[in-house]
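Report on the following structure.
Every value quoted in this text rests on a predicted model; they were computed, and no experiment measured them.
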Amino acid sequence: MKKMPMGGNFNMNNLMKQAQKIQQDMAKKQAELEEMEFTASSGGGAVTATVKQKQLINLEIKPEVIDPEDAEMLCDLVTAAVNEAMKQSEDTYSTEMNKLTGGMAGIL
């Protein structure tokens, strides 16, 4: 049985330094992403939702879309706008973390 030489192509210290740098970069990027706001609208701009840190922080509804006879439509527009803003937030988070880790964020 052959022993693996120490050093050579495999350097544990460099690997640990790289892992620490990735963790530091991820923490920095997470802090940046937590400050970002994501806005989406539905109904041709009739309803606009803004989210930050997976929370709805602003909802705008144009008065002309408020119809007491059709509350269901308004609910659908609000739901669509909020869901799209949340999706943008999640997609951006995933994309940015994958850029840092090469898709290995789940194991670090």
Report task. Decide yes or no on side chain to side chain contact (heavy atoms under 4.5 Å, CB included) for M36 and Q53, but give the supporting numbers first. Result -> CA-CA 8 Å; M36 292 178 74; Q53 295 184 19; over 6 Å; no
Query raised in the report: Got M12 and L15 here, is their nearest side-chain heavy-atom distance under 4.5 Å?
Result: yes
Query - Heavy-atom check, side chain of L74 versus side chain of V65, under 4.5 Å - result: yes
Rounded to the nearest 0.5 Å, what separation is found between the [atom1] atom of [X] and the [atom2] atom of [Y]?
{"X": "K99", "Y": "D25", "atom1": "NZ", "atom2": "CG", "value": "13.5 Å"}
{"X": "Y93", "Y": "Q30", "atom1": "OH", "atom2": "CD", "value": "3.5 Å"}
{"X": "T50", "Y": "Q88", "atom1": "OG1", "atom2": "CD", "value": "9.5 Å"}
{"X": "L77", "Y": "L59", "atom1": "CG", "atom2": "CG", "value": "10.5 Å"}
{"X": "T92", "Y": "M97", "atom1": "OG1", "atom2": "CE", "value": "11.0 Å"}
{"X": "L56", "Y": "M86", "atom1": "CG", "atom2": "CE", "value": "8.5 Å"}

List the atom of [X], the atom of [Y], and the distance in Å for their closest heavy-atom pair.
{"X": "S42", "Y": "A80", "answer": "CB-CB, 4.0 Å"}
{"X": "K62", "Y": "G45", "answer": "CE-O, 3.5 Å"}
{"X": "S89", "Y": "F38", "answer": "CB-CD1, 3.5 Å"}

Requested in this report: Might you confirm whether atom CD of Q55 has over 12 heavy atoms from other residues, nucleotides or ligands at distances under 6.0 Å?
Outcome: no
Query raised in the report: Just wondering, are more than 12 heavy atoms of other shown residues or ligands nearer than 6.0 Å to CD in E32?
Result: yes
Report task. Begin with the C-alpha distance, continue with both residues' side-chain angles, and end with the deciding distance and a verdict on salt bridge (charged side-chain N to carboxylate O under 4.0 Å, His left out) for E90 and K87. Result -> CA-CA 5 Å; E90 291 169 5; K87 182 180 180 314; over 6 Å; no
Query raised in the report: Are I61 and M73 connected, step by step, through hydrophobic side chains (Ile, Leu, Val, Met, Phe, Trp, Tyr) whose heavy atoms are closer than 4.5 Å?
Result: yes
Query - No-hydrogen, no-angle side-chain donor-acceptor test under 3.5 Å, T48 and S41 - result: no
Requested in this report: Output yes when a side-chain donor or acceptor of E37 lies under 3.5 Å from a complementary backbone atom of K52, and no otherwise.
Outcome: no
Report summary line: From the list V82, T79, V78, side-chain contact (heavy atoms from CB on, under 4.5 Å) partner of V47 resolves to V78
